[in-house]
S.K.: 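Just passing along the structure, written as C-alpha cells.
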2 protein chains.
Amino acid sequence: MGTTQLETAPEPKYWHLKTVLSEALDSEFSVGEILPNERELAARFGVARATLRQALEQLELEGRLQRRRGVGTTVAPPRVGVAVDPARHTWPGAPGDDWQPVDAVESRNVPAAVARQLELAPGEQVHVVHRSRVTHGQPVAAEQLYVPARSVPEAETATGAAVDAQARARTVLRELQQLELEGQDRSVELGSARADDAKELDRLPGAPVLVVTTRYFAGGRTAAVALSTYRADTCRLTFGDNETGAGVTVLAS
Amino acid sequence: MGTTQLETAPEPKYWHLKTVLSEALDSEFSVGEILPNERELAARFGVARATLRQALEQLELEGRLQRRRGVGTTVAPPRVGVAVDPARHTWPGAPGDDWQPVDAVESRNVPAAVARQLELAPGEQVHVVHRSRVTHGQPVAAEQLYVPARSVPEAETATGAAVDAQARARTVLRELQQLELEGQDRSVELGSARADDAKELDRLPGAPVLVVTTRYFAGGRTAAVALSTYRADTCRLTFGDNETGAGVTVLAS
DNA sequence: CAGTGGTCTAGACCACATG
DNA sequence: ATGTGGTCTAGACCACTGG
C-alpha cells in the first residue's frame with residue numbers, strides 16, 4: 001500500500017449536488033422560475049430527500065433559491081444592495097432614511113449586550129422603538145432601537161397611553177434629533193431571526209439574518225443602540241460612498 | 001369551530017430545544033467546557049439525534065457553540081470584533097494591516113461578479129493575491145485580491161517563475177501602493193465557504209461565512225477587488241471609528 | 001382538496017482526532 | 001481501538017398555500 005496521496009477525500013453527496021444544481025440554475029433556469037418539488041428532485045438525483053434538502057439549504061443560504069412552504073422552490077433574484085452606512089452620520093428617523101416607525105414601548109428589560117453598551121442601571125427605563133425597512137416592495141429588515149429615557153427627557157410626558165403606538169415612536173425619534181450626534185459605530189454579525197422578527201421578514205423563525213448593531217454617541221456616552229436585523233438570503237449590505245453595488249452594470253457585452 | 005385565536009402554532013421541537021440549551025449554556029457551562037456528546041444529549045432530551053443536531057446547528061450559527069469532528073462540542077467564547085473599515089482608506093498591504101500575504105498567481109479566469117466590477121476584457125490577465133488574516137492566534141479570514149495586470153504594469157516583469165509565491169504576492173502589493181487611491185467601497189453578505197477557504201479557516205466546506213467585497217478605485221476606474229471571507233461563527237465585523245466592539249466592558253458589576 | 005416545503009424518527013455508516 | 005461529529009437513508013406526519 002504505498003499510495004503517496006491520501007487526499008482522496010470523498011466529496012459529500014450534498015456538496016456535489018449543490019454544485020450540479022448551481023450550474024443548472026445558471027444555465028437552465030431563469031429568475032422566478034419554479035423548480036420541481038423536493039421529492040421529485042431527490043428521485044431524479046437518486047438521493048434521499050434529506051440529502052437533497054441539505055443542498056437546497058445551502059443554495060438558499062447563498063441567495064440562489066427561495067423556498068416557501070405550500071408553494072415551492074423558486075430561483076431567487078440577485079441580492080439587493082442595501083445601504084447601511086450613509087456618509088452623513090445622522091440619528092435614526094432623520095429625513096430621508098428608509099425606515100418606517102412601527103411602534104414604541106417602554107421597557108426595563110433589554111438584551112444584556114444592549115444594557116451593557118448603554119451602561120444602564122438595573123431596571124432603568126428605556127424606550128424601545130420598533131422600525132421596519134422596505135426596499136423594492138419587500139421587507140428587508142426589522143429594527144429595535146433602544147433609547148434610554150435619560151437621553152430623551154422630553155419624550156417622557158408625550159408618551160401617554162392614549163397616544164397610538166406609531167405616534168409614540170415618532171415622538172421618541174423626534175426628541176433624538178434634538179441631541180447633538182457626536183459619532184457612531186457599527187458591527188455586523190450572523191444571527192438567527194427571533195420569532196417576531198421572522199414573521200415581519202416573512203421568514204421562518206431561526207432564518208439566517210445579518211444583525212447590524214449601531215451605537216449612537218451623544219453627550220460623551222452611548223445615547224442609543226439599534227439592533228437591525230436584515231434578511232441574510234436576500235440582502236447585501238453596502239458600506240461607503242457608492243451605493244451602486246456589484247451587478248448593476250448589465251449592459252456591457 | 002369557533003376558537004377565536006388560531007395562533008396556537010406549535011413550537012418546533014428543535015426550536016424549543018435550542019432555547020433550553022441556550023439557557024443551560026448561560027447558567028451551567030463556562031467557555032471552553034465540553035458538552036455531552038450528541039447521542040447522549042439526544043437521549044437525555046428524548047429526541048432523535050437529527051433533531052438535536054438541528055438545535056446545535058443554530059447555536060453554532062449564533063456563535064454559542066463550536067463543534068469539531070472527532071473531538072466534541074464545546075462552549076464558544078464570545079465573538080471577536082474584527083475591524084474591517086479602518087478610518088484611513090489605504091491599499092491592501094499597507095503597513096499596519098492585519099493581513100499576511102500567502103501567494104499570488106496569474107489567472108485569466110475569475111468569478112463573473114469580479115470580472116464585471118473590474119470591467120475585464122474576456123481573457124484579460126489578472127493577478128490573484130491570496131492573503132490570510134489571523135487574530136488572537138486564530139485564522140479568521142481568507143482573501144483573494146484580484147488585481148488586473150493593467151493596474152500594476154511594473155509587477156509584470158518581476159513575477160517570473162523562479163520567484164517564490166509569497167514574494168510574488170509582495171511584489172503585486174508593493175506596486176499597488178504606487179497608485180493613488182481615489183476611494184473604496186464595501187459590501188457584506190452571507191456565503192458558504194469554498195473548499196480551499198474552508199480548509200484555511202479550519203472549517204468544513206460550506207460553513208457559513210461573511211463575504212466582504214471591497215472595491216478599490218484609482219485612475220477613474222476600479223483598480224482592484226478583494227473578496228474577503230470571514231468565519232461567520234467566530235467573527236463580528238466592526239466598522240467605523242471605534243474598534244472597541246460590544247462586550248468589552250467586563251469589569252462593571 | 002391536493003401539493004408543497006418543514007419537522008421528526010431510528011437507524012446505518014463514514015471521516016477524523018486522540019490515546 | 002474508541003469515541004466524536006458528519007453524512008445518508010427511507011420512511012412518516014404536520015403546516016401552509018392555493019385552486
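Proteins come first, then strands; the chains are lettered A, B, ... in the order of their sequence lines, and each starts at number 1. Everything quoted here is computed from the prediction, not taken from an experiment.
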S.K.: Pair B:Leu21, B:Phe45 - check side chain to side chain contact (heavy atoms under 4.5 Å, CB included), show working.
M.R.: CA-CA 10 Å; B:Leu21 282 169; B:Phe45 287 104; 3.9 Å; yes
S.K.: Figure out the CZ/C1' separation between B:Arg68 and D:dG3, and round it to whole Å.
M.R.: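 In whole Å, D:dG3 C1' and B:Arg68 CZ are 15 Å from each other.
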S.K.: Nearest whole angstrom, please: distance from the P of D:dA15 to the CD of A:Glu38.
M.R.: 17 Å
S.K.: Holding to salt bridge (Lys or Arg N to Asp or Glu O under 4.0 Å), I want the full list of residues that pass it with A:Asp98, two or more places apart in sequence or in another chain.
M.R.: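 With neighbours one apart ignored, the set is A:Arg133.
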S.K.: Could you list, one pair per line, each protein nitrogen or oxygen that sits under 3.5 Å from a nitrogen or oxygen of nucleotides 17-19 of chain C, together with the distance?
M.R.:
none

S.K.: For a quick test of reading the model: is some side-chain N or O of B:Thr73 closer than 4.0 Å to OP1 or OP2 of D:dT4?
M.R.: no
S.K.: So, are A:Asp164 and A:Arg170 salt-bridged, with charged N and O less than 4.0 Å apart?
M.R.: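 So A:Asp164 does not pair with A:Arg170 through a salt bridge.
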S.K.: Let me confirm one number: the CG-CZ distance from B:Asp185 to B:Arg215, rounded to the nearest 0.5 Å.
M.R.: 4.5 Å
S.K.: At what angle, to 10 degrees, do the two end axes of the helix from C:dC1-D:dG18 to C:dT18-D:dA1 meet, given five pairs define each axis?
M.R.: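 Axis-to-axis angle, ends of the helix: 20°.
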S.K.: Side chains of A:Thr214 and A:Arg186: any donor to acceptor distance under 3.5 Å?
M.R.: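 Checked: A:Arg186/A:Thr214 side chains pair up, N/O donor to acceptor below 3.5 Å.
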S.K.: Without decimals, in angstroms, what is the distance between B:Leu35 CG and D:dG3 P?
M.R.: 19 Å
S.K.: Just jot down the side-chain contact (heavy atoms from CB on, under 4.5 Å) partners of A:Ala115, sequence neighbours excluded, or say none.
M.R.: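 side-chain contact (heavy atoms from CB on, under 4.5 Å) check on A:Ala115 returns A:Val110, A:Leu120.
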S.K.: Counting only heavy atoms and a strict 4.0 angstrom limit, can you tell me which residues of residues 55-67 of chain B come near DNA chain C?
M.R.: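 When residues 55-67 of chain B is checked for heavy atoms under 4.0 Å from DNA chain C, there are no hits whatsoever.
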S.K.: Kindly write out the residues that satisfy salt bridge (Lys or Arg N to Asp or Glu O under 4.0 Å) with B:Asp196, not counting sequence neighbours, or none if the list is empty.
M.R.: B:Arg194
S.K.: Taking side-chain contact (heavy atoms from CB on, under 4.5 Å) as the definition, give me every residue that meets it alongside B:Leu204, ordered by chain and number, with sequence neighbours left out.
M.R.: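 Here the qualifying residues are B:Arg69.
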S.K.: Residues in salt bridge (Lys or Arg N to Asp or Glu O under 4.0 Å) with B:Arg231, at least two apart?
M.R.: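 B:Arg231: salt bridge (Lys or Arg N to Asp or Glu O under 4.0 Å) contacts with B:Asp233.
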S.K.: Keeping the roles fixed (side chain from A:Arg168, backbone from A:Ala104), state whether a donor-acceptor pair exists under 3.5 Å.
M.R.: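 Answer holds: yes.
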S.K.: Check the phosphate of C:dG6 against A:Arg53, side-chain N and O only, distance under 4.0 Å to OP1 or OP2. Yes or no?
M.R.: yes
S.K.: What residues form a salt bridge (Lys or Arg N to Asp or Glu O under 4.0 Å) with B:Glu40, not counting sequence neighbours?
M.R.: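 For B:Glu40 the salt bridge (Lys or Arg N to Asp or Glu O under 4.0 Å) partners, ignoring immediate neighbours, are B:Arg44.
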S.K.: Quickly work out the A:Lys199 NZ to D:dC16 C1' distance and round it to whole Å.
M.R.: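 After rounding, the gap between these two atoms is 13 Å.
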S.K.: Can you list everything that forms a side-chain contact (heavy atoms from CB on, under 4.5 Å) with B:Glu200? Sequence neighbours excluded, please.
M.R.: B:His130, B:Ser132, B:Ala142
S.K.: Under the rule for side-chain contact (heavy atoms from CB on, under 4.5 Å), what residues qualify as partners of A:Arg39, not counting sequence neighbours?
M.R.: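 side-chain contact (heavy atoms from CB on, under 4.5 Å) list for A:Arg39, sorted by chain: A:Asn37, A:Arg49.
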S.K.: CG of B:Asn37 versus P of D:dT2: gap in Å, rounded?
M.R.: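 For the pair B:Asn37 CG and D:dT2 P, the rounded distance is 16 Å.
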S.K.: Protein-nucleotides 8-12 of chain C N/O pairs closer than 3.5 Å?
M.R.:
from	atom 1	to	atom 2	distance (Å)
C:dC8	OP1	B:Lys13	N	2.2
C:dC8	OP2	B:Tyr14	N	3.2
C:dT9	OP1	B:Lys13	NZ	3.0
C:dT9	OP2	B:Ala48	N	2.8
C:dT9	OP2	B:Thr51	OG1	2.5

